[in-house]
Colleague: 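Below is one structure. I have some questions about it.
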Amino acid sequence: MLKRITLVLMLSVAQSIIMFGYCSDPAQANTWYGILYYHSYPQEEYTPLITNLTYSFGSDTVIDGKLYRQIRYTHEYEHITNAYRGAIRQSEDKQQVYYIPWGSNKEYLLYAFNVKQGDTVYAYAGFNDKSCEEMAENDPDRTITPGWTVMDVQTIDGRKHILVQNEEYGNTIEWIEGIGTQYILWPIGRTCYPTGMEVQFHHALCAADSEGNILYSYDTDYLGFHNNNCQRESMAIENRVSPSPSAAKILHDGQLFIRRGDKTYNAQGTEVR
């Protein structure tokens, strides 16, 4: 009888451990290693300048009675260290993530993970500063929270991957639970202010937890280099993807687009449909 009770207890504990494992939240990224990609115009005459950057969680801060984590930015090439770049928080059920851009006092929905394919989500479409917010305020035809159509919902290695498409420009971005996006945390990789015909943006290489464990790595081959364990590794020059001399550069509404053949790309390399 004692053996039977012991066996039942052991099975119950094992079941609880299994259930906890399935129900536990995925590990949260704390630090993002990335690059600033800068390519002078005309692109076919210059080599891109690629420099390392880091984003990380800073200390907690209270804004309008809500608890946020500060986002801190380091870019040694520009002598920027631990600079404030906005604040981020999760909803109580951890299904929504909200963001206040650097220089702003307004909160925007950044991601939503309780969606299903076909839903429309009105979420932030800016960078780490308030440049896109200001452009939207000055242009009645723009919005900082356009509609994003949910194209696909998957769970991969315990994380939700939500593919969304911006209804205004046709851009697509992937929200990854506990990680962010290929542009660190945002749907675009650069300020909304026009900067001329050069191509420049921030791109994530890896996301790591508070102990330095790499949680996720991004493909950067389309930029002309491999991401090898968060280190840039050169590719053969014939495999590099860069605007050819026949590519047309278009500046529209303060954004740079590259037209090559019958396809158009934004400055981040995403095809615009």
Colleague: Can you give the donor-acceptor pairs under 3.5 Å from side chains of residues 107-115 to other protein atoms, not counting sequence neighbours?
Modeller:
residue : atom : partner : partner atom : Å
E107    : OE1  : R89     : NH2          : 3.3
E107    : OE2  : Y68     : OH           : 2.4
E107    : OE2  : R89     : NE           : 2.7
E107    : OE2  : R89     : NH2          : 3.3
Y108    : OH   : E133    : OE1          : 2.6
Y111    : OH   : L185    : O            : 2.4
N114    : OD1  : Q96     : NE2          : 3.1

Colleague: Kindly work out whether a path of hydrophobic side-chain contacts (I/L/V/M/F/W/Y, heavy atoms less than 4.5 Å apart) joins L49 to L205.
Modeller: yes
Colleague: Looking only at heavy atoms, which two atoms of S40 and E198 are closest? And how far apart?
Modeller: CA-CB, 4.1 Å
Colleague: Please report the closest heavy-atom contact between H226 and S234, naming both atoms and the distance.
Modeller: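 What the structure gives for the nearest pair is CD2-O, 4.4 Å.
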Colleague: Are there over 12 heavy-atom neighbours, none belonging to N213, within less than 6.0 Å of that residue's CG?
Modeller: yes
Colleague: Report the C-alpha distance between I214 and N229 in whole Å, list the side-chain angles of each, state the deciding distance to 0.1 Å, and finish with yes or no for side-chain contact (heavy atoms from CB on, under 4.5 Å).
Modeller: CA-CA 8 Å; I214 302 302; N229 295 320; over 6 Å; no
Colleague: Is H39 reaching over with its side chain to a backbone N or O of Y46, donor-acceptor style, under 3.5 angstrom?
Modeller: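 The answer is yes, because a donor-acceptor pair under 3.5 Å joins these two groups.
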Colleague: Under 3.5 Å, is there a donor-acceptor pair between the side chain of S56 and the main chain of T31?
Modeller: no
Colleague: Determine whether K160 and Q95 make a side-chain contact, defined as any pair of heavy atoms from C-beta on separated by less than 4.5 Å.
Modeller: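 They are in contact (side-chain heavy atoms under 4.5 Å apart), so the answer is yes.
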Colleague: Could you give the distance from SG (C132) to CZ (R190), rounded to the nearest 0.5 Å?
Modeller: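 Those atoms lie 9.0 Å apart.
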Colleague: With a sphere of 6.0 Å drawn around CG of D219, does it hold more than 12 non-hydrogen atoms of other residues, nucleotides or ligands?
Modeller: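 Yes, CG of D219 has more than 12 neighbouring heavy atoms, counting only those of other groups under 6.0 Å.
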Colleague: To which residues is L163 joined in a hydrophobic cluster, defined by side-chain heavy-atom contacts under 4.5 Å among Ile, Leu, Val, Met, Phe, Trp and Tyr, whether direct or through other members?
Modeller: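 Members other than L163 - counting any ILVMFWY side chain reachable under 4.5 Å - are M151.
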Colleague: More than 12 heavy atoms of other residues, nucleotides or ligands under 6.0 Å from CD of E233: is that the case?
Modeller: yes
Colleague: How many angstroms lie between CG in L53 and CD1 in I80, if you round to the nearest 0.5 Å?
Modeller: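 Between atom CG of L53 and atom CD1 of I80 there are 9.5 Å.
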Colleague: Looking only at the side chains, is there a donor atom on one of Y55 and N128 sitting less than 3.5 Å from an acceptor on the other?
Modeller: yes
Colleague: Quick one, W148 and I162 - any side-chain contact, counting heavy atoms below 4.5 Å?
Modeller: no
Colleague: Write down the atom of P101, the atom of Y124, and the distance for their closest heavy-atom approach.
Modeller: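 Taking P101 first and Y124 second, the nearest heavy atoms are CG-OH, 3.5 Å.
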Colleague: Of F201, W186, Y73, which meets ring pair (Phe, Tyr, Trp, His ring centres under 6.0 Å) against F127?
Modeller: W186
Colleague: So which atom in G103 and which in K130 form the shortest heavy-atom distance, rounded to 0.1 Å?
Modeller: O-CD, 3.2 Å
Colleague: When you look at F57 and I88, which way does the side-chain contact (heavy atoms from CB on, under 4.5 Å) test go after all the steps?
Modeller: CA-CA 9 Å; F57 280 151; I88 196 168; 3.6 Å; yes
Colleague: Give a yes or no on this: more than 12 heavy atoms of other residues, nucleotides or ligands lie within 6.0 Å of atom CG of D93.
Modeller: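 More than 12 heavy atoms, drawn from other residues, nucleotides or ligands, come within 6.0 Å of this atom.
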Colleague: When you measure from the side chain of T220 to the backbone N and O of N227, does any donor-acceptor pair fall under 3.5 Å?
Modeller: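 Judged by distance alone, yes, a pair lies under 3.5 Å.
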Colleague: Compare every heavy atom of V153 with every heavy atom of Q117, then report the nearest pair and how far apart it is.
Modeller: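 In this case the closest contact between Q117 and V153 is N-CG2, 3.8 Å.
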Colleague: Measure the CE-OG1 distance between M135 and T143 for me, rounded to the nearest 0.5 Å.
Modeller: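 If we round to the nearest 0.5 Å, M135:CE and T143:OG1 are 13.0 Å apart.
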Colleague: Less than 4.5 Å apart, side chain to side chain, heavy atoms only: is that true for K106 and I144?
Modeller: no
Colleague: Does the pair H161 and T155 meet the rule for a side-chain contact (heavy atoms from CB on, under 4.5 Å), with working shown?
Modeller: CA-CA 6 Å; H161 290 238; T155 299; over 6 Å; no
Colleague: Would you compute the distance between atom NE2 of H79 and atom OG1 of T74 and round it to the nearest 0.5 angstrom?
Modeller: 13.5 Å
Colleague: Does the side chain of D119 come within less than 4.5 Å of K116's, by heavy atoms?
Modeller: yes
Colleague: Assigning hydrophobic clusters by single linkage (Ile, Leu, Val, Met, Phe, Trp, Tyr; side-chain heavy-atom cutoff under 4.5 Å), is Y222 placed with I50?
Modeller: yes
Colleague: Count I, L, V, M, F, W, Y as connected when their side-chain heavy atoms are under 4.5 Å apart, and connections chain through other members. Are Y37 and I188 then in the same cluster?
Modeller: yes
Colleague: Do V199 and Y77 share a hydrophobic cluster, counting only Ile, Leu, Val, Met, Phe, Trp and Tyr and linking them when any side-chain heavy atoms are less than 4.5 Å apart?
Modeller: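 Per the 4.5 Å side-chain linkage, V199 and Y77 are co-clustered.
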Colleague: Out of curiosity, R232 CZ to L223 CG, how far, rounded to the nearest 0.5 Å?
Modeller: 11.0 Å
Colleague: As an exercise, state the distance from CG of N105 to CD1 of I100, rounded to the nearest 0.5 Å.
Modeller: 7.5 Å
Colleague: I'd like to know if the side chain of R142 and the backbone of E137 have a donor-acceptor N/O pair within less than 3.5 Å.
Modeller: no
Colleague: If you look at every heavy atom in I173 and P187, which pair is closest and at what distance?
Modeller: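 Heavy-atom minimum between the residues: CD1-O, 3.8 Å.
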Colleague: Before giving the answer on side-chain contact (heavy atoms from CB on, under 4.5 Å), spell out for R69 and N30 the whole-Å C-alpha distance, their side-chain angles and the decisive distance to 0.1 Å.
Modeller: CA-CA 10 Å; R69 294 292 301 275; N30 178 277; 4.0 Å; yes
Colleague: Would you indicate whether the side-chain heavy atoms of K94 and Q28 approach each other to under 4.5 Å?
Modeller: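 The answer is no; the side chains never approach within 4.5 Å.
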Colleague: Test your reading of the model: is there a side-chain donor-acceptor pair from R159 to the backbone of E177, 3.5 Å cut-off?
Modeller: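 Yes: the side chain of R159 pairs with the backbone of E177.
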Colleague: Less than 4.5 Å apart, any side-chain heavy atom of T195 and any of Y38?
Modeller: no
Colleague: According to a 4.5 Å side-chain heavy-atom criterion applied to Ile, Leu, Val, Met, Phe, Trp and Tyr, with indirect links allowed, do Y98 and W32 form part of one hydrophobic cluster?
Modeller: yes
